[in-house]
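Written out below as structure tokens is the structure these notes cover.
Naming: A, B, ... by sequence-line order, numbering from 1 per chain.
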2 protein chains.
Amino acid sequence: MSTGHHHQPIDLTRNQSLVLGALEKAEGPLSAYTILDRLRDDGFRAPLQVYRALDKLLGAGLVHRLESLNAFVVCAHPNCHAQGMIAFAICGTCGKVDEFSDAVVQERLGSWARENAFKAEKSIIELRGTCAGCLNG
Amino acid sequence: MSTGHHHQPIDLTRNQSLVLGALEKAEGPLSAYTILDRLRDDGFRAPLQVYRALDKLLGAGLVHRLESLNAFVVCAHPNCHAQGMIAFAICGTCGKVDEFSDAVVQERLGSWARENAFKAEKSIIELRGTCAGCLNG
DNA sequence: TTCGCAATGTAATATCATTACGTTTGTGAG
DNA sequence: CTCACAAACGTAATGATATTACATTGCGAA
Ligand SMILES: [Zn+2]
Ligand SMILES: [Zn+2]
Ligand SMILES: [Zn+2]
Ligand SMILES: [Zn+2]
């Protein structure tokens, strides 16, 4: 089941596949408890089953966590983990999330870290607003 | 009590002043419940007292919310709300938070939004890592 | 004074996440 | 094959964060 293309490739277990599938089917981000509800019929009973699967999927770069939403979304790119920095544009109206990256932003934040002797391990960039579809509709 | 310098100046109420004072005294970010605990002696009893004060302080730009920590920190700059975009470097070891801004980052994220017809209302930029002090010490 | 609004007090509830502990399953050494 | 170990799993309990609901108070405008 592993693609062999990921930074930390893994063969997904049943629970991990179910959680990933739930996120792939969803049109937007899901909270852990929403995932749990959607997997009741598959035998899920407790939050920890979801959180444990999410931990693995996050580690493999297949899923991202949206900090400002306390929710999770499937990675929009085949191998986006190769790109260092990821940003999200989150529509507050329809809930859609657009994943993108910007080399200049990455470079500038990296520069700030160097200049301030800050060892950055992870960056969180989230834009909250309204998407094109919701502005027009 | 108003400084008259803020975008949405307010005369702070007693509760708001107490919450702001707790954040100013703290060496780093505090959760709402930690603030509540520190204000027990001042008559605070319920989370809502803290959240309501925080709402006002956030609106006035006197306090920032750190999304990746679910915590709050006093604004490090006199009138930082004048700068559109704020970023935070958060040390996972000592908990210190460094607030900064970068015009290039702001411009690039603004460009992305324009190109994608996304109306950004708020941006969240948080670097997680280790600060200079913790790396050396 | 009377109205209207912002702020407050309090309780209950909703939502998000982790700890604890025991069991099952897969895997490789011998 | 059997044992030993590690990873994953099941379940319950608890902890942490945030909001809803409703009654009350303080205060300025009409
Ligand atoms: Zn991705
Ligand atoms: Zn939208
Ligand atoms: Zn600030
Ligand atoms: Zn530090």
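For the pair B/Asp11 CG and D/dG28 P, the computed distance is 11 Å after rounding to whole Å. In this structure, B/Leu30 places its CG atom 11 Å from P of D/dT17, rounding to the nearest Å. Nucleotide D/dG10 holds its C1' atom 13 Å from the CZ atom of A/Arg40, rounded to whole Å. One atom, CG of B/Asp55, and another, C1' of D/dT20, lie 14 Å apart when rounded to the nearest Å. Following rounding to the nearest Å, A/Leu12 (CG) and D/dC9 (P) show an atom-to-atom distance of 10 Å. Atom CG of B/Asp37 is separated from atom P of D/dA16 by 10 Å (rounded to the nearest Å). We find that CG of B/Leu36 is positioned 13 Å from C1' of D/dA16, with the value rounded to whole Å. One atom, CD of A/Glu67, and another, P of C/dC16, lie 14 Å apart when rounded to the nearest Å.
Of the listed residues (A/Val63, A/Leu18, A/Leu62), just one forms a side chain to side chain contact (heavy atoms under 4.5 Å, CB included) with A/Leu23, and that residue is A/Val63.
The stretch residues 19-27 of chain B does not touch DNA chain C, since none of its heavy atoms comes less than 4.0 Å from the strand.
Between the side chains of B/Arg128 and B/Ser68, at least one donor N or O sits under 3.5 Å from an acceptor N or O. Neither side chain, B/Ser111 nor B/Glu115, offers a donor N or O lying under 3.5 Å from an acceptor on the other.
By the stacking rule of 5.5 Å between ring centres and under 30° between planes, A/Tyr51 does not stack on the base of C/dT18. Under the stacking definition used here (centres under 5.5 Å, planes under 30°), the residue A/Tyr33 fails to qualify as stacked on the base of C/dT15.
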* When you look at B/Leu109 and A/Phe100, which way does the side-chain contact (heavy atoms from CB on, under 4.5 Å) test go after all the steps? -> CA-CA 10 Å; B/Leu109 293 180; A/Phe100 67 100; 4.1 Å; yes
* Determine, stepwise, if the pair A/Leu20 / A/Leu12 fulfils side-chain contact (heavy atoms from CB on, under 4.5 Å). => CA-CA 9 Å; A/Leu20 182 60; A/Leu12 297 183; 3.6 Å; yes
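Considering every non-hydrogen atom in both B/Glu126 and B/Glu67, the closest pair reads OE2-N, 2.7 Å. A pairwise comparison of heavy atoms in A/Cys75 and A/Gly61 identifies CB-O, 3.6 Å as the closest pair.
B/Ile124 and B/Val97 fall into different hydrophobic clusters, where Ile, Leu, Val, Met, Phe, Trp and Tyr side chains are chained together by heavy-atom contacts under 4.5 Å.
Between C/dA17 and A/Asn70, a contact under 4.0 Å exists linking OP1 or OP2 to a side-chain N or O.
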* Structure fact -> Quick tally for nucleotides 6-11 of chain C: nucleotides whose base has a protein heavy atom under 4.0 Å get B, sugar-phosphate-only ones S, the rest -, giving -SBBB-
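With ring centers used as reference points, B/Phe88 lies under 6.0 Å from B/His64.
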